[in-house]
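Reviewing the structure listed below.
Only a predicted model underlies this, so the values are computations on that prediction, with no experimental measurement involved.
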Amino acid sequence: MIALKAIALKARVDAWLGRFTMYRLILWVLAVLAAYSMVLNALGWLSFGLPEMIVHLVLCLGLTYASNRLFAMLFKVRPHSESSLITGLLLYFLFWPTELIPSVQIPDLAGVAVACVLASASKYVLAFRGRHIFNPAAAGAFIAGFTGLNIATWWAATPAMLWLVVPGVLLVLYRTLKVLMACAFLVVAVTVVCAVLLRGGMTFGSALWQPIAQQPLLFFAGFMLTEPLTLPPRRWQQVALAVVVALLFAVPYNVGGVANSPQLALLIGNLLAFLMGQRSGIVLTFKGARPLTPFTTEFRFEPRRPVRFLPGQFMELDLPHLRSDGKGRRRVFSMTSAPDSPELTFGVGTAEPVSAAKRALLALEPGDCVHGTTVGGDFVLPRDAGKPVLLIAAGIGITPFLSQLGSGAAARRDIVVLYLAPSAAELAGSEVLEASGARVIARLSDGSPPPSFMHDAGRGRIDGNSLRELVPDVAKREVYVSGSPANVDALRSAARHAGARRIHVDAFAGY
């Protein structure tokens, strides 16, 4: 009973968070933190002065937004406003608000202004084949430091800010699935800083509290280290990168007059991530679309340059649209084509109501170009082709499996597919499933018979007992579950109760 309540609670949280894109959530969290900082200042817990903070905020937001639009116009691309506002809010927390009384500190203001403009410029200038390499806020702050006008202080690392920084960071990390990466960074960085402070004679309690409350570790991990556009594609790569950045962040050094700093640690990490991932921008030419089911559409694209990905991974597409519905213009879709295919295909749920981004996708004409921003994900089959697997798909969750089953390697694996759908008409990719040679089991809610090559599981609920009856050797198989968050939680629980030991999940929410 407790487990069922926990699953239901998690489903409600996921459904609520699914209403926000990752960018929108980060923007709102940072905006709340900015408002909270002004409340703290009014209460006397911060000593900047409210006019100074307001001017500082307006300067950071206004300059990053305006300069981003200017550079986008010069480089003939459509600006991403949410991204520029996030950068502006980050810079608000990186630099001290400039003193206005008794006289305006012009050099300090100029330094912040330079950082804002350079942050926007870095997206377009410090780029390779259309892919920006560095975190914009970190790049702007680091380069501005060389002007001597101002230097980043990361004042977000203030004990009074912790009351909202901690829940805000946890919310963002949970939504972006970067909890493991952030934990790796925090454990290593806190350990190193604590050891350095202990060697300096500080007590253990003070040495532990100081990096958490007075250094920007939490803010850095939640809002900058885990920025998706500057991360490598695989989870193990991200964790390894977090450890390297933590060491660069925490170990004191000074080389050629350049000392360790959060922004330098992050920029070095960004460069390493760039070398591990897709090293160029992704431009896709639309070729056409076809219905997979009454409520699912396959979109076909030809990439301008080869795209490196593994079957089961996703791509984030940038889909500009004029009339926004608040869900953002960048959406994540699983690739359904095999890596060696000359075309890239995406299976997308297109049942009403359709988001504005999907309407932009449906409105594409052959020859139109779409930009991809990131490729990644760990929902990939085991390297050991001799390892038997069970693929459980609920509805649109079949899309990553189509890429896996359509690749030549699938024929050499022992694969069982359990496909849950409302009806036989809503079974997508039947031709791929049949050609794969995998054993396919269909559970159709309306009780209709599936295609002849599929085993009919009836319309009963899938729980641990029924799953064990359908797949007696489930405990020996590596299990992959894909679908909506609610379905994934329920099916993962069923697989666990059926005896599965290794379970991988891929949830689709809020798109």
Dump the intermediate steps for side-chain contact (heavy atoms from CB on, under 4.5 Å) on Met22 and Val332, then the final yes or no. CA-CA 10 Å; Met22 175 195 61; Val332 169; over 6 Å; no
Candidate pair Arg290 and Glu431, rule salt bridge (Lys or Arg N to Asp or Glu O under 4.0 Å), full reasoning: CA-CA 14 Å; Arg290 68 182 180 101; Glu431 67 281 1; 3.2 Å; yes
Please evaluate residues Val380 and Arg234 with respect to the criterion side-chain contact (heavy atoms from CB on, under 4.5 Å), reporting the C-alpha separation (whole Å), side-chain torsions for both, the decisive distance (0.1 Å), and the verdict. CA-CA 10 Å; Val380 299; Arg234 300 295 302 277; 3.4 Å; yes
Stepwise side-chain hydrogen bond (donor to acceptor under 3.5 Å, both in side chains) check, Thr336 with Thr345: CA-CA 5 Å; Thr336 56; Thr345 60; 2.6 Å; yes
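The shortest side-chain heavy-atom distance between Met161 and Ser37 falls under the 4.5 Å cut-off. A heavy-atom distance below 4.5 Å is not found between the side chains of Leu85 and Tyr23. Side-chain contact between Leu364 and Phe301: present, with at least one pair of heavy atoms (C-beta onward) separated by less than 4.5 Å. The side-chain heavy atoms of Tyr65 and Ser81, taken from C-beta on, include a pair separated by under 4.5 Å. Side chains of Leu74 and Lys76 form no contact here, defined as non-hydrogen atoms less than 4.5 Å apart. Within the 4.5 Å cutoff, the side chain of Leu491 has heavy atoms near those of the Leu420 side chain. Side-chain contact between Phe185 and Leu241 is absent, with no heavy atoms from C-beta onward closer than 4.5 Å. With contacts defined as side-chain heavy-atom distances shorter than 4.5 Å, the pair Phe71/Ser120 qualifies.
The distance between the ring centers of Phe93 and Phe220 does not fall below 6.0 angstrom. For Tyr480 and Phe379, the distance between ring centers is under 6.0 angstrom.
With Ser448 contributing its side chain and Ala424 its backbone, the two residues share a donor-acceptor pair below 3.5 Å. Between the Asp318 side chain and the His371 main chain, no donor and acceptor come within less than 3.5 Å of each other. Counting only distance, with no hydrogens or angles, the side chain of Lys287 and the backbone of Leu344 share no donor-acceptor pair below 3.5 Å. Distance alone, capped at 3.5 Å, is enough to place a donor-acceptor pair between the Gln313 side chain and the Gly377 backbone. A donor-acceptor pair is defined here as one N or O able to donate and one able to accept, closer than 3.5 Å; no such pair exists between the side chain of Arg308 and the backbone of Val375. At distances below 3.5 Å, not a single donor-acceptor pair connects side-chain atoms of Ser403 with backbone N or O atoms of Thr399. Side chain of Arg305 to backbone of Ile282: no donor-acceptor contact under 3.5 angstrom is found.
Heavy-atom neighbours of Arg235 CZ from other residues, nucleotides or ligands within 6.0 Å: at or below the threshold of 12. Within a 6.0 Å sphere centred on NZ of Lys476, heavy atoms belonging to other residues, nucleotides or ligands number 12 at most. Taking a 6.0 Å sphere around CZ of Arg304, one finds it holds 12 or fewer heavy atoms contributed by other residues, nucleotides or ligands.
Thr350 and Thr297 form a side-chain donor-acceptor contact under 3.5 Å, judged by distance and modelled atom types alone.
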